[in-house]
Amino acid sequence: MQHAEAGKPLIKFNHCKKCIYSFSVPRCCPLCRQDMGSRRLEEAPVSIANPFTNGHQEKCSFLLRPTQGTFLREYDGRSDLHVGITNTNGVVYNYTAHGVQRDEAGWEQSVSIPLLQPGMFGLRDQWDKYLEDFSTTGAWLPHRYEEDHHNCYSYTLTFINCILTTEGREQLDKNEFTEKYVVPRTRTASKYIALYRAAEEHGFYAVDHPDEETSPPPGGALC
């Protein structure tokens with residue numbers, strides 16, 4: 001199930017002075033039809049990092065996924081996105097018109113942003129309690145939900161800022177958090193989706209120059 005949700009592994013190899021993306025290395029180049037049995041080192045195939053992860057295997061993380069469908073199948077770049085926060089067991093806490101949901105499935109193809117640096121054991125030990133206590137406050141009751149002003153993003157960012165305050169860190173506004181942490185990852189995801197769909201439609205996809213930005217963006221955890 002997890003492999004199916006993540007999609008087929010995408011690989012890149014060089015031939016005919018082009019970068020060719022596909023899901024397997026063919027015996028013959030799809031452009032010139034020459035045998036590809038012997039390759040120079042620079043022509044060796046490499047795996048393209050998948051920007052999507054099974055959110056239920058991510059601990060203490062911010063998750064992003066399409067409200068309907070998946071990134072690789074239905075997402076068109078304009079679709080609504082839904083966000084949530086995982087506890088230490090991969091349960092995704094997210095706020096909807098029905099109140100705070102605690103999803104144990106449905107986030108198998110997500111963009112993930114870790115919220116804790118390695119070694120922050122004290123905060124990790126308290127994480128589930130903080131998240132549960134925060135989620136049971138009156139602010140996140142179903143009738144308080146407003147699609148544009150008090151929504152899933154409000155919920156996650158308010159919790160993140162509570163954690164930052166606990167750590168004596170400066171809070172982030174929505175624009176700052178989005179530009180610094182979300183946009184670089186969604187930009188990478190969009191490029192990967194385009195490559196993936198083109199390779200799926202035609203069996204391969206060739207470009208003149210390598211697109212290095214399909215690699216995950218640098219940057220660690222938030223807290």
Side-chain angles (χ1 to χ4, degrees), residues 1-58 61-84 86 90 92 94 103 105-114 152-153 178-179 181-219:
M1 177 68 176
Q2 180 189 350
H3 178 75
E5 290 289 352
K8 297 171 286 189
L10 187 63
I11 62 171
K12 179 186 77 173
F13 57 93
N14 298 317
H15 209 266
C16 297
K17 297 182 179 180
K18 291 184 181 293
C19 288
I20 303 173
Y21 297 87
S22 68
F23 299 111
S24 62
V25 181
R27 184 182 299 272
C28 299
C29 172
L31 299 176
C32 69
R33 311 309 300 173
Q34 288 185 1
D35 182 75
M36 295 184 53
S38 58
R39 301 183 192 87
R40 299 191 301 274
L41 181 61
E42 61 268 24
E43 294 178 340
V46 295
S47 296
I48 301 300
N50 189 332
F52 307 116
T53 184
N54 184 341
H56 299 290
Q57 295 181 353
E58 302 294 322
S61 296
F62 172 95
L63 299 183
L64 179 78
R65 68 163 171 81
T67 302
Q68 301 292 331
T70 65
F71 278 113
L72 290 176
R73 294 293 174 202
E74 293 84 5
Y75 185 64
D76 65 1
R78 299 180 300 276
S79 309
D80 288 341
L81 295 170
H82 192 45
V83 299
T86 58
V92 185
N94 58 101
D103 296 341
W107 298 73
E108 289 80 9
Q109 192 181 106
S110 302
V111 171
S112 175
I113 300 172
C152 61
Y153 212 100
T178 302
E179 289 298 321
Y181 294 100
V182 178
V183 169
R185 287 167 172 85
T186 53
R187 185 179 294 128
T188 297
S190 294
K191 290 174 187 262
Y192 185 89
I193 291 168
L195 290 173
Y196 187 96
R197 289 178 178 171
E200 192 167 52
E201 181 178 355
H202 304 290
F204 70 95
Y205 180 65
V207 294
D208 289 330
H209 299 288
D211 188 350
E212 301 297 341
E213 292 185 56
T214 52
S215 302

Which value, rounded to the nearest 0.5 Å, describes the distance between Ser110 atom OG and Leu81 atom CG?
10.5 Å
For residues Gln68 and Ser79, determine if any side-chain heavy atom of one lies less than 4.5 Å from a side-chain heavy atom of the other.
no
Report yes if some heavy atom in the side chain of Ile48 is under 4.5 Å from a heavy atom in the side chain of Tyr196; otherwise report no.
no
Considering non-hydrogen atoms only, spot the tightest contact between Val111 and Ala189 and give its length.
CG2-CB, 4.3 Å
Rounding to 0.5 Å, atoms CD1 (Ile113) and CG (Leu64) come to a distance of 7.0 Å
Over 12 non-hydrogen atoms of neighbours within 6.0 angstrom of CD in Glu74
yes
When rounded to the nearest 0.5 Å, the distance separating CG of Leu72 from CZ of Arg197 is 7.0 Å
Compare every heavy atom of Ala199 with every heavy atom of Leu10, then report the nearest pair and how far apart it is.
CD1-CB, 4.1 Å
Is a side-chain donor or acceptor of Ser61 paired with a backbone partner of Thr86 at a separation under 3.5 angstrom?
no
How long is the span from the CD1 atom in Ile11 to the CZ atom in Phe23, to the nearest 0.5 Å?
9.5 Å
On a heavy-atom basis, the closest approach of Thr53 and Ser112 is CG2-CB, 3.4 Å
Which heavy atom of Asn50 sits nearest to which heavy atom of Phe52, and what is that distance?
OD1-N, 2.8 Å
I need the minimum non-hydrogen distance between Trp107 and Gly84, along with the two atoms involved.
CH2-N, 3.7 Å
Quick check: are there more than 12 heavy atoms from other residues, nucleotides or ligands sitting under 6.0 Å from OH of Tyr75?
yes
Is any side-chain heavy atom of Val183 closer than 4.5 Å to one of Thr178?
yes
How long is the straight-line distance from CG of Asp103 back to NE2 of His56, given to the nearest 0.5 Å?
6.5 Å
Quick one: does any side-chain atom of Glu108 pair with a main-chain N or O of Gly106 as donor and acceptor, under 3.5 Å?
yes
I need the Tyr181 OH to Thr186 OG1 distance, nearest 0.5 Å.
15.0 Å
Applying salt bridge (Lys or Arg N to Asp or Glu O under 4.0 Å) to Arg73 and not counting sequence neighbours gives Glu200
With distance as the sole test, does Gln109 use its side chain to make a donor-acceptor pair with the main-chain N or O of Phe71 at under 3.5 Å?
yes
Closest approach of Phe13 to Ser22 (non-hydrogen atoms, all atoms of both residues):
CE2-OG, 3.5 Å
Hey, can you tell me if Tyr153 and Phe62 have their rings parallel, tilted or perpendicular (30° and 60° cut-offs)?
perpendicular
Is the backbone of Pro66 close enough, under 3.5 Å, to the side chain of Thr70 for a donor and an acceptor to pair up by distance?
no
